[in-house]
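Working notes, beginning with the structure itself.
All values below were derived from every heavy atom in this structure, side-chain atoms included, with hydrogens, water molecules and symmetry-related copies excluded. Atoms within a ligand are numbered from 1 in the order they appear, just like the ligands themselves.
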Amino acid sequence: MSNLLTEINGSTQIITINRPDKLNALNRATIKELSEAVTAAGNNDAIKAIIITGSGEKAFVAGADISEFNTYSKEEAHDLAKNGQDILFDLVERSSKPVIAAVNGFALGGGLELAMSCHIRVASSNARMGLPEVSLGVIPGYGGTQRLAQLAGKGKAFELIFTAGMIKATEAEQCGLVNYVVEQEELINKCLEICEKMSKNSSVAIAAAIRAVNSGYTDGENGFETEINEFANCFATGDFKERTTAFLEKRKANFPNN
Ligand code: COA
């Protein structure tokens with residue numbers, strides 16, 4: 001049985017995690033299905049952006065499914081974190097198409113980690129976010145220690161992780177963890193509005209920008225150098241030629257996207 005609902009709205013793929021009775025907790029099956037759904041959207045030329053959200057009004061994702069891993073050995077725990085990071089969290093961050101997290105309620109542990117691996121986060125006003133792992137005797141394992149520090153700063157990351165506390169959506173917005181806070185009924189529309197704006201722009205240039213920004217956060221890579229190379233590569237695309245020529249000729253561009 002699938003743990004996801006998928007829907008296409010215009011050129012946006014909406015993926016809804018659908019385990020509301022477990023507050024959309026991420027079990028292994030859901031992680032695998034999410035990985036497959038994000039990969040499929042990435043391979044679909046008709047899709048320009050992806051929204052990930054949770055079903056119901058209470059939770060985006062209330063964390064990794066605790067019932068699955070509480071008996072794990074050290075080796076099994078290592079594989080769990082490594083596999084999850086490889087097949088989902090890093091995959092989302094490196095998606096060539098923008099991924100927006102529509103945070104519709106609790107985003108805790110692996111839920112916040114999933115939201116943080118997305119490129120943009122929009123939260124509903126009822127959302128609550130946190131990394132409660134140390135209250136369970138463990139630390140975040142799906143990139144939370146790294147991405148929270150990148151997004152909200154090291155001091156805020158330490159505080160949130162050490163206290164295992166939850167912050168409200170408005171506080172998350174103040175510390176840079178989310179881009180916008182809107183009422184729950186406006187959440188998907190706000191995300192679609194951002195997708196609509198992005199869809200007017202060059203998909204190949206957006207993909208290059210994702211690689212350049214990510215490069216600065218990747219061990220062994222120099223983000224400035226990646227930027228120079230990606231900048232130069234854009235000049236060899238039909239998109240760049242058509243869009244700059246159209247600007248100079250004061251006409252609307254055709255969109256070759258190649
Ligand atoms: N893993 C597995 N099951 C989870 C879960 C998780 N991370 N989060 C919630 N659930 C399940 C509950 O066990 C419960 O299942 P049940 O009805 O079969 O007993 C159901 O979802 C509803 O959760 P419940 O705790 O009854 O809701 P609540 O409104 O009282 O509390 C939370 C909501 C989010 C505060 C609470 O569920 C919670 O603390 N969850 C765990 C958060 C966490 O530690 N995440 C990090 C994991 S590493």
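- Of all protein heavy atoms, the one closest to atom 16 (P) of ligand 1 is K22 NZ, 3.6 Å.
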Check against side-chain contact (heavy atoms from CB on, under 4.5 Å), L148 and L177: CA-CA 8 Å; L148 184 57; L177 188 47; 3.8 Å; yes
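- Per-atom contact check: atom 19 (O) of ligand 1 does not touch the protein, criterion being a heavy-atom distance below 4.0 Å.
- The shortest contact between atom 5 (C) of ligand 1 and any protein heavy atom is with A25 CB, 4.0 Å.
- Of the residues listed (N18, T16, N104, D21), the one engaging S55 in a side chain to side chain donor-acceptor pair (under 3.5 Å) is N18, and it is the only one.
- Atom 13 (O) of ligand 1 is not flagged as protein-proximal [any protein heavy atom, distance under 4.0 Å].
- Of the protein's heavy atoms, M166 CE, 4.0 Å lies nearest to atom 35 (C) of ligand 1.
- Put simply, the side chain of S124 gets close to the backbone of V103: a donor and an acceptor are under 3.5 Å apart.
- At least one heavy atom of D21 sits less than 4.0 Å from an atom of ligand 1.
- For K58, the heavy-atom gap to ligand 1 drops under 4.0 angstrom.
- Between A64 and ligand 1, an N or O atom pair is found at a separation short of 3.5 Å.
- There is no protein heavy atom closer than 4.0 angstrom to atom 31 (O) of ligand 1.
- For T30 (side chain) and L26 (main-chain N/O), no donor-acceptor pair under 3.5 Å exists by modelled atom type.
- Per-residue contacts place I66 under 4.0 angstrom from the following atoms of ligand 1 (heavy atoms of the residue considered): 1 (N), 2 (C), 7 (N), 47 (C).
- The CD atom of E93 sits 10.0 Å away from atom CD of Q85, with the distance rounded to the nearest 0.5 Å.
- Nearest protein neighbour of atom 41 (C) of ligand 1, counting heavy atoms only, is A62 O, 3.9 Å.
- Interface atoms of ligand 1 facing P132, defined by a heavy-atom separation under 4.0 Å, are 43 (C), 44 (O), 45 (N), 46 (C).
- Here the closest heavy-atom approach between residue L114 and residue F89 is recorded as N-CE2, 3.4 Å.
- For atom 26 (O) of ligand 1, the nearest protein heavy atom is 4.0 Å or more away.
- Counting the atoms of ligand 1 from 1 in the order shown, those under 4.0 Å from a heavy atom of D65 are 1 (N), 2 (C).
- Judged purely by atom type and a 3.5 angstrom limit, N126 uses its side chain to pair as donor or acceptor with the backbone of E57.
- Tested against R211 for a side chain to side chain donor-acceptor pair (under 3.5 Å), the candidates E227, E221, E230 yield a single pass: E230.
- A salt bridge is defined here as a Lys NZ or Arg NE, NH1 or NH2 lying under 4.0 Å from an Asp or Glu carboxylate O, and D90 with R147 meets this definition.
- Distance check for atom 39 (O) of ligand 1: every protein heavy atom is found at 4.0 Å or beyond.
- In Y72, the OH atom is crowded: over 12 heavy atoms of neighbouring residues, nucleotides or ligands sit closer than 6.0 Å.
- Of all the atoms in ligand 1, the ones that sit under 4.0 Å from a non-hydrogen atom of L108 are 34 (C), 42 (C).
- Using modelled atom types, no side-chain atom of R121 and backbone atom of A101 make a donor-acceptor pair closer than 3.5 Å.
- Atom 37 (O) of ligand 1 has L23 CD1, 3.6 Å as its closest protein atom, hydrogens excluded (heavy atom only).
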